[in-house]
Protein chains: 2
Amino acid sequence: MAKPSFRQQMLQVREDAIVASVNRLLAEKGFDLMTVDEVAADVGIAKASLYKHFVSKEALAAAAMVRVLRDTLDVVRQQAARPDVDACERLQAVTRWALQRQLAGEMPTLPSQNSTLRAELIGNKAYIDLLMQVSEQLGEWIVAAQADGRIDRTLPPEVVLYTLFARACDPVPGVLKSGGQYRDEQIVDWVLAICFRGLATRPN
Amino acid sequence: MAKPSFRQQMLQVREDAIVASVNRLLAEKGFDLMTVDEVAADVGIAKASLYKHFVSKEALAAAAMVRVLRDTLDVVRQQAARPDVDACERLQAVTRWALQRQLAGEMPTLPSQNSTLRAELIGNKAYIDLLMQVSEQLGEWIVAAQADGRIDRTLPPEVVLYTLFARACDPVPGVLKSGGQYRDEQIVDWVLAICFRGLATRPN
DNA sequence: GTCTATAGCCAGATAGAC
DNA sequence: GTCTATCTGGCTATAGAC
């Protein structure tokens with residue numbers, strides 16, 4: 001791979017700044033309420049310039065989702081590299097990271113209903129590839145945790161997987177945070193504990 | 001209270017039809033993607049006629065939310081009237097009802113971010129009153145279930161309350177249903193079991 | 001590639017006849 | 001109260017100069 005020119009590096013930096021803004025605005029307002037004008041103002045460039053980098057609002061959102069999946073995959077790999085840690089603890093570590101990111105206002109949320117956005121994402125190879133990679137690694141850990149007796153064997157692995165994914169858009173942490181009487185760390189501990197106790201093997 | 005005239009009864013019936021449509025469309029597409037034109041078409045009247053009944057799109061959504069809270073309060077009272085049922089089982093019954101309604105496509109969801117909608121709801125006395133009544137009864141049951149040892153005593157009751165409320169907009173049931181390989185009843189059982197096992201008293 | 005200016009569209013809300 | 005027709009504003013997206 002050739003060394004990128006200075007010009008290309010500047011472009012990359014700018015696009016990173018755009019995606020970072022989109023990521024934050026998406027977390028704050030969601031796709032439908034986020035406007036391209038806001039993104040442009042937040043980045044500090046003209047709206048028309050944004051459209052030179054990304055062909056549509058949907059493409060902007062997709063780029064933010066790809067970014068968050070890349071970050072997720074980094075965390076997943078980091079957990080996979082830890083020696084002497086069982087599968088259930090790896091799952092908890094990844095889920096904890098997602099909850100922390102959500103509380104920090106940096107977890108973009110997508111309306112599951114918007115069909116134009118769904119079409120864009122399904123057609124986005126990078127997004128689908130990353131989603132598959134994350135799902136496969138988490139799926140392996142889920143099966144292992146069931147074999148270990150840490151997670152209920154009677155639950156289909158996909159039910160467990162979706163339950164974990166759902167923590168990334170769980171409204172409970174935000175509501176508790178807005179109440180203002182608990183520390184972020186405390187909130188994460190509660191939500192994580194409730195989640196994994198719920199998935200645990202039934203005591204007999 | 002005077003007997004309503006025939007004309008008033010017809011009006012009431014029409015408004016009920018409007019609210020029913022809004023309820024369904026809100027569940028299907030959410031507030032931002034639901035258009036007033038769609039509601040009018042679904043009810044079978046002109047858009048301008050809708051605005052004679054409800055002053056804004058936000059008011060339409062608020063009416064649907066009031067309706068679902070009224071239905072919820074009915075279920076809550078029905079549970080309160082059952083003899084020889086402990087608090088935890090009452091909570092489970094109400095939560096089960098909410099999950100069933102969601103799977104039936106009749107649980108309207110509100111974007112927590114839309115500020116115009118939040119303002120409308122906070123200013124809506126009927127909505128706030130109903131929300132308080134439901135919350136208070138559920139709160140009592142939560143405290144009782146903690147005293148019974150059915151729910152973890154170390155969790156603040158409001159954390160438990162929000163966790164239960166969140167089942168009404170949990171994405172997991174919908175995702176599992178869209179997969180098409182499980183019966184609704186099975187899905188509800190899993191989500192309910194995961195939820196309440198998560199809240200249960202820690203085994204020692 | 002960046003900007004200003006604007007096209008085009010769509011959805012919420014209203015006017016005014018009946 | 002119901003309708004048809006229209007207004008209005010805001011948003012996505014683009015034209016065209018530099």
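Values reported hereafter were calculated over all heavy atoms of this structure, with side chains retained and with hydrogens, waters and symmetry mates removed. In this text the structure is predicted, and so the values were computed from the model without any measurement. The sequence lines fix the lettering, A, B, ..., with proteins before strands; numbering per chain opens at 1.
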Which of dT14(C), dT4(D), dT12(D) is nearest the side chain of A46(B)? It is dT4(D)
>> Could you check whether D16(A) and Q12(A), counting side-chain N and O atoms only, form a donor-acceptor pair closer than 3.5 Å?
In response: yes
* To do: Start with the C-alpha gap between T35(A) and D37(A), add the side-chain angles, then the distance that decides, and say whether side chain to side chain donor-acceptor pair (under 3.5 Å) holds.
  => CA-CA 5 Å; T35(A) 70; D37(A) 288 84; 4.7 Å; no
To the nearest angstrom, the CG-P distance between L50(A) and dA15(D) comes to 17 Å
Rounded to whole Å, CD of E38(A) lies from C1' of dC11(D) at a distance of 11 Å
note: K52(B), atom NZ; dG16(C), atom P; distance rounded to Å ~ 12 Å
Regarding the side chain of T35(B), the nearest nucleotide among dA11(C), dT2(D), dT14(C) is dA11(C)
From NZ of K47(B) across to P of dC3(D) the rounded distance in Å is 13 Å
Testing dT2(C), dT14(D), dT14(C) for proximity to the side chain of R14(A), the answer is dT2(C)
E120(B) atom CD is separated from dG12(C) atom C1', nearest whole Å, by 14 Å
Minimal heavy-atom distance between L26(B) and F31(B), with the atoms involved, is CD1-CA, 3.7 Å
To the nearest angstrom, the OH-P distance between Y51(B) and dA13(C) comes to 4 Å
Against the side chain of K57(B), the closest entry in dA13(D), dA13(C), dT14(C) is dA13(C)
Among dT4(D), dA15(D), dT2(D), the one nearest any side-chain atom of A48(B) is dT4(D)
Is the shortest distance from a Lys or Arg side-chain nitrogen in R167(A) or D170(A) to a carboxylate oxygen in the other one below 4.0 Å? yes
Among the nucleotides dA13(D), dG1(D), dC3(D), whichever has the atom closest to the side chain of S56(A) is dA13(D)
Of dT12(D), dT2(C), dA15(C), the nucleotide closest to the side chain of V36(A) is dT12(D)
Is it true that K29(A) and E38(A) have a side-chain N and a carboxylate O under 4.0 angstrom from each other? yes
Rounded to whole Å, the CG-C1' distance (L11(B) to dT2(D)) equals 11 Å
To the nearest angstrom, the CD1-P distance between I45(B) and dA13(C) comes to 15 Å
Check: With a non-hydrogen cut-off below 4.0 angstrom, is S49(B) in contact with a base, only sugar-phosphate, or nothing?
Finding: base
Among dG1(D), dG1(C), dC3(C), the one nearest any side-chain atom of R7(A) is dG1(C)
Heavy atoms only, 4.0 Å cut-off, all strands: where does M10(B) land among base, sugar-phosphate and nothing?
nothing
Considering only heavy side-chain atoms of E58(A), the closest of dC3(D), dA13(D), dT14(C) is dA13(D)
